[in-house]
K.L.:
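First the structure, which I've put down as structure tokens, then a few questions once you've had a look.
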Amino acid sequence: QVQLVESGGGSVQAGESLRLSCVASGLTFGMYGLGWFRQAPGKEREFVGSINRSSGTIGFADSVKGRFTISRDNAKNTGYLQMNNLKAEDTAVYYCALRTYWKDTYVYWGQGTQVTVSS
């Protein structure tokens with residue numbers, strides 16, 4: 001069965017860094033684009049950033065540009081979201097998702113990992 005598992009979330013102080021991981025199983029990870037999303041309490045889910053199959057970044061939300069980076073290791077079936085200089089506004093549940101290119105939609109989603117940033 002297909003499964004995406006996020007990890008690495010936690011509680012940190014503003015200005016600190018955190019790296020999230022997304023481990024995929026049950027599929028060929030390298031065939032999919034990787035996206036990261038987040039949802040804060042009372043807000044809609046928002047796009048954070050994405051990376052394509054050849055590790056080229058597709059884009060980032062303006063709110064995280066210059067602070068967050070995305071990478072992937074297809075041999076380990078793992079994607080990453082490196083978050084630097086965290087702000088209180090970054091507090092949210094973070095989700096990874098996989099996107100197809102034959103149909104440009106995110107079709108697999110993880111359960112999410114909580115990131116809490118205290119100012």
Side-chain angles (χ1 to χ4, degrees):
Q1 60 185 29
V2 174
Q3 188 173 24
L4 300 180
V5 180
E6 300 96 337
S7 63
S11 183
V12 298
Q13 294 292 314
E16 296 181 346
S17 298
L18 207 58
R19 187 176 77 161
L20 306 184
S21 297
C22 173
V23 179
S25 60
L27 48 68
T28 303
F29 182 66
M31 293 179 62
Y32 300 85
L34 170 69
W36 287 94
F37 298 80
R38 67 186 183 186
Q39 187 166 24
K43 298 180 66 177
E44 297 291 320
R45 182 182 65 195
E46 66 174 336
F47 173 78
V48 174
S50 65
I51 190 171
N52 65 21
R53 292 172 292 175
S54 60
S55 296
T57 300
I58 301 301
F60 287 97
D62 288 341
S63 58
V64 306
K65 285 182 178 178
R67 299 189 297 118
F68 290 11
T69 57
I70 298 173
S71 61
R72 65 191 299 164
D73 186 339
N74 291 341
K76 296 181 178 180
N77 283 359
T78 303
Y80 304 94
L81 177 66
Q82 178 68 46
M83 305 183 293
N84 297 325
N85 191 25
L86 283 161
K87 304 177 184 297
E89 307 91 87
D90 296 319
T91 295
V93 176
Y94 283 73
Y95 301 89
C96 64
L98 300 183
R99 186 179 71 179
T100 68
Y101 291 93
W102 48 95
K103 186 172 183 179
D104 192 21
T105 57
Y106 288 93
V107 296
Y108 299 115
W109 293 80
Q111 293 298 114
T113 186
Q114 176 71 48
V115 172
T116 302
V117 184
S118 300
S119 60

K.L.:
On a heavy-atom basis, which atom in S119 and which in A14 lie closest, and how many Å separate them?
P.N.:
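That closest heavy-atom pairing would be CA-CB, 4.0 Å.
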K.L.:
How many angstroms lie between atom CZ of F68 and atom CG of L20, to the nearest 0.5 angstrom?
P.N.:
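Here the rounded value is 8.0 Å.
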K.L.:
When rounded to the nearest 0.5 angstrom, what is the spacing between OG1 in T100 and CE in M31?
P.N.:
9.5 Å
K.L.:
Atom OG1 in T69, atom CZ in R19: separation rounded to 0.5 Å?
P.N.:
9.5 Å
K.L.:
Side-chain heavy atoms under 4.5 angstrom apart, residues restricted to Ile, Leu, Val, Met, Phe, Trp, Tyr: same cluster for V93 and W109?
P.N.:
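As far as the 4.5 Å side-chain criterion goes, W109 and V93 are connected within one cluster.
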K.L.:
Check for a donor-acceptor pair, side chain of E6 on one end and backbone N or O of Q111 on the other, with a separation under 3.5 Å.
P.N.:
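A pair under 3.5 Å: yes.
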K.L.:
Following the transitive rule for hydrophobic clusters with a side-chain heavy-atom cut-off under 4.5 Å over Ile, Leu, Val, Met, Phe, Trp and Tyr, establish whether V115 and F37 coincide in one cluster.
P.N.:
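Cluster IDs for V115 and F37 differ.
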K.L.:
What's the separation between atom CZ in F29 and atom SG in C22, rounded to the nearest 0.5 Å?
P.N.:
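Reported value, rounded in 0.5 Å steps: 6.0 Å.
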K.L.:
Shortest non-hydrogen contact from C96 to L34?
P.N.:
CB-CD1, 4.1 Å
K.L.:
Applying a strict under-4.5 Å side-chain criterion to I, L, V, M, F, W and Y, I'd like to know whether Y106 and L81 cluster together.
P.N.:
no
K.L.:
Determine the sole option in V48, V64, L18 for which the side-chain contact (heavy atoms from CB on, under 4.5 Å) test with M83 is passed.
P.N.:
L18
K.L.:
Just verifying a value: how many Å separate T105 OG1 and L98 CG, rounded to the nearest 0.5 Å?
P.N.:
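Atom-to-atom, T105:OG1 and L98:CG are 11.0 Å apart.
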K.L.:
Closer than 4.0 angstrom, basic N to acidic O: yes or no for D62 and K65?
P.N.:
yes
K.L.:
Could you tell me the separation between the CD atom of Q1 and the OG atom of S25, rounded to the nearest 0.5 Å?
P.N.:
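Between Q1 CD and S25 OG, I get 7.5 Å after rounding to 0.5 Å.
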K.L.:
If we ignore hydrogens and angles and just use 3.5 Å, is the side chain of R99 paired with the main-chain N or O of G33 as donor and acceptor?
P.N.:
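Pair absent, no side-chain N/O of R99 close to backbone of G33.
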K.L.:
Flag yes if V23 and L27 sit in one hydrophobic cluster, no otherwise; membership is Ile, Leu, Val, Met, Phe, Trp, Tyr, and two members link when side-chain heavy atoms are under 4.5 Å apart.
P.N.:
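Looking at the clustering, L27 is in a separate group from V23.
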K.L.:
Please report the shortest heavy-atom distance between R67 and D90, naming the atom on each side.
P.N.:
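The answer is NH1-OD2, 2.7 Å.
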K.L.:
If you take all heavy atoms of S17 and N84, which pair is closest and at what distance?
P.N.:
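Residues S17 and N84, closest heavy atoms: OG-OD1, 2.9 Å.
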K.L.:
Would R45 count as a cation-pi partner of Y95, with NZ or CZ less than 6.0 Å from the six-membered ring centre and within 45° of the ring normal?
P.N.:
no
K.L.:
With a 3.5 Å distance limit and no angle check, can you tell me whether R38 reaches the backbone of T91 through a side-chain donor-acceptor pair?
P.N.:
no
K.L.:
In terms of hydrophobic clustering (I, L, V, M, F, W, Y; side-chain heavy atoms under 4.5 Å; direct or indirect links), are V5 and Y32 co-clustered?
P.N.:
no
